[in-house]
Amino acid sequence: MRVLGIETSCDETGVAIYDTKEGLLGDTLYSQVAMHAEYGGVVPELASRDHIKRLIPLIRDVLVQAKTEQQQIDAIAFTAGPGLIGALMVGAATARAIAFAWEVPAIAVHHMEGHLLAPMLEDKPPSFPFVALLVSGGHTQLVEVKAIGEYTLLGESLDDAAGEAFDKAAKMLGLDYPGGPLIAKLALCADRTRFKFPRPMVDRPGMDMSFSGLKTFTLNTVNKFKNEAGLDEQTKADIAAAFEEAVVETLAIKCRRALQHTKFKQLVIAGGVSANQRLREKLQTMVAKERAALFYARAEFCTDNGAMIAYAGAQRLAAGQSSDLTILARPRWPMNELPPL
């Protein structure tokens, strides 16, 4: 089965073609980061308009890249949520129209299930069951994964997602959007022993998380230096490192609890923040102590992309699932509502 995948949940237009026998045949992406950076964050209306502009040319490009004719596409998979409603509607309407015109089935894909399954595109994928840490700008969740569609939420952020907290901390330090990669880059030249930021909620049982208090602590630290000695570049770097360390250590502690709770020996990390090298290092050290294994996708598949949607859609289509002609877009969509295969 050859599936065309379409991702338009936020500020990246992704299109890919995945074949269940031959693997990933083509993948193309257009990022709107430069456009939104001017405003310090994603502007939903601009995102929707840009998806309209980019989507059809990207579909044409990926067909050429994959050396695939229209007649060879067996199905369409598209992100139906969660995400920005306008952006989702662009992808959903386009996918449904193409599927209708080409007389092939279409399937609505859950964006976070796409992220969760992205490591399956690697040469050495995880096997079921495993614990998944979904960590991005909009979500921070720990999920027990027994099989595709068999998900149990173990814990989540009660306020800001980790990626959102990174962006806000970066803004406090005068860095551009998106802030996560810039925080990580700045932290490379830092004195990591200078500051010790709090690890939120690690002294409480359970696997829920919170990053709003850490964000406030960071702001107070920044303002203290601005009001006293001034915020020089070294201090910025040291604060960035302390913030990053607090986030990744908190996530590692919660992941360890999840592994111990489930007794699983595999941890998958997915979503944009999973590309953070410090997080990967911290989790690698933790899983080694737990005699477990860590899995993640290559950097380009950590952020939003069409390949993960094509793959996730292909798995459900192969199991006989598909969507009707309704143009489905769900800005909020709990993963536990997904049917098992």
Side-chain angles (χ1 to χ4, degrees), residues 3-18 27-33 35-36 39 41-59 62 75-101 104-118 134 136-141 149 151 161 163-164 178 270-272 301-317 321-339:
V3 180
L4 174 69
I6 294 173
E7 155 61 28
T8 63
S9 65
C10 189
D11 60 345
E12 280 148 337
T13 314
V15 184
I17 294 176
Y18 178 82
D27 173 57
T28 185
L29 182 77
Y30 181 84
S31 174
Q32 303 173 3
V33 164
M35 177 177 68
H36 295 296
Y39 304 96
V42 178
V43 181
E45 179 64 22
L46 295 181
S48 302
R49 290 174 181 270
D50 202 67
H51 286 309
I52 294 171
K53 180 180 178 181
R54 308 288 177 182
L55 188 50
I56 295 301
L58 286 175
I59 291 173
V62 82
I76 314 289
F78 63 95
T79 302
L84 303 175
I85 183 62
L88 292 169
M89 285 296 294
V90 173
T94 303
R96 280 267 37 126
I98 292 174
F100 184 78
V104 296
I107 190 161
V109 174
H110 193 289
H111 179 72
M112 298 311 296
E113 181 172 70
H115 275 304
L116 185 151
L117 297 176
L134 304 178
S136 66
H139 299 81
T140 300
Q141 298 177 325
Y151 309 129
E164 183 182 8
F301 292 162
C302 291
T303 53
D304 296 349
N305 62 87
M308 66 183 191
I309 302 305
Y311 178 84
Q315 306 314 303
R316 290 191 172 276
L317 287 158
Q321 298 180 12
S322 63
S323 304
D324 60 24
L325 289 173
T326 304
I327 298 176
L328 178 66
R330 296 184 62 178
R332 297 177 182 272
W333 189 4
M335 280 183 61
N336 59 13
E337 293 183 7
L338 293 173

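Index from 1, following the sequence. Hydrogens, waters and symmetry mates play no part in the numbers below; they use all other heavy atoms, side chains included.
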Steps toward side chain to side chain contact (heavy atoms under 4.5 Å, CB included) verdict (M335, L134): CA-CA 12 Å; M335 280 183 61; L134 304 178; 3.8 Å; yes
Check for a donor-acceptor pair, side chain of [X] on one end and backbone N or O of [Y] on the other, with a separation under 3.5 Å.
| X | Y | answer |
| --- | --- | --- |
| H110 | W333 | yes |
| R54 | G14 | no |
| H111 | A80 | no |
| Q32 | A47 | yes |
| D50 | K53 | no |
| H51 | C10 | yes |
| T8 | G91 | yes |

When rounded to the nearest 0.5 angstrom, what distance separates [atom1] in [X] from [atom2] in [Y]?
| X | Y | atom1 | atom2 | result |
| --- | --- | --- | --- | --- |
| L84 | S9 | CG | OG | 7.5 Å |
| T94 | L55 | OG1 | CG | 4.5 Å |
| Q141 | L116 | CD | CG | 10.0 Å |
| E12 | T303 | CD | OG1 | 5.0 Å |
| M308 | Y311 | CE | OH | 14.0 Å |
| T79 | L328 | OG1 | CG | 11.0 Å |

So D27 and F301, side chain to side chain contact (heavy atoms under 4.5 Å, CB included) or not? Walk me through it. CA-CA 10 Å; D27 173 57; F301 292 162; 3.4 Å; yes
Contact summary for [X] and [Y], nearest pair of heavy atoms:
| X | Y | value |
| --- | --- | --- |
| A75 | L317 | CB-CD1, 3.4 Å |
| G138 | A161 | C-CB, 3.6 Å |
| A310 | Y18 | CB-CB, 3.7 Å |
| L4 | V62 | CD1-CG1, 3.9 Å |
| I76 | V3 | C-CG1, 4.4 Å |
| M89 | A329 | SD-CB, 3.6 Å |

Assess whether side chain to side chain contact (heavy atoms under 4.5 Å, CB included) is satisfied between T13 and E7, documenting all intermediate values. CA-CA 6 Å; T13 314; E7 155 61 28; over 6 Å; no
Please walk me through it: do I107 and F78 pass side chain to side chain contact (heavy atoms under 4.5 Å, CB included)? CA-CA 6 Å; I107 190 161; F78 63 95; 5.9 Å; no
Test item: [X] and [Y] side chains (from C-beta on) under 4.5 Å apart, heavy atoms:
| X | Y | value |
| --- | --- | --- |
| I309 | D304 | no |
| C302 | H115 | no |
| D11 | M35 | no |

Any pair with a residue in residues 322-331 that passes side chain to side chain donor-acceptor pair (under 3.5 Å), sequence neighbours left out, goes on the list, sorted by first then second residue, please. D324-T326, R330-E337
Suppose we screen for ring-ring contact (aromatic ring centres under 6.0 Å, His included). Which residues come up paired with Y151, at least two apart in sequence or across chains? none
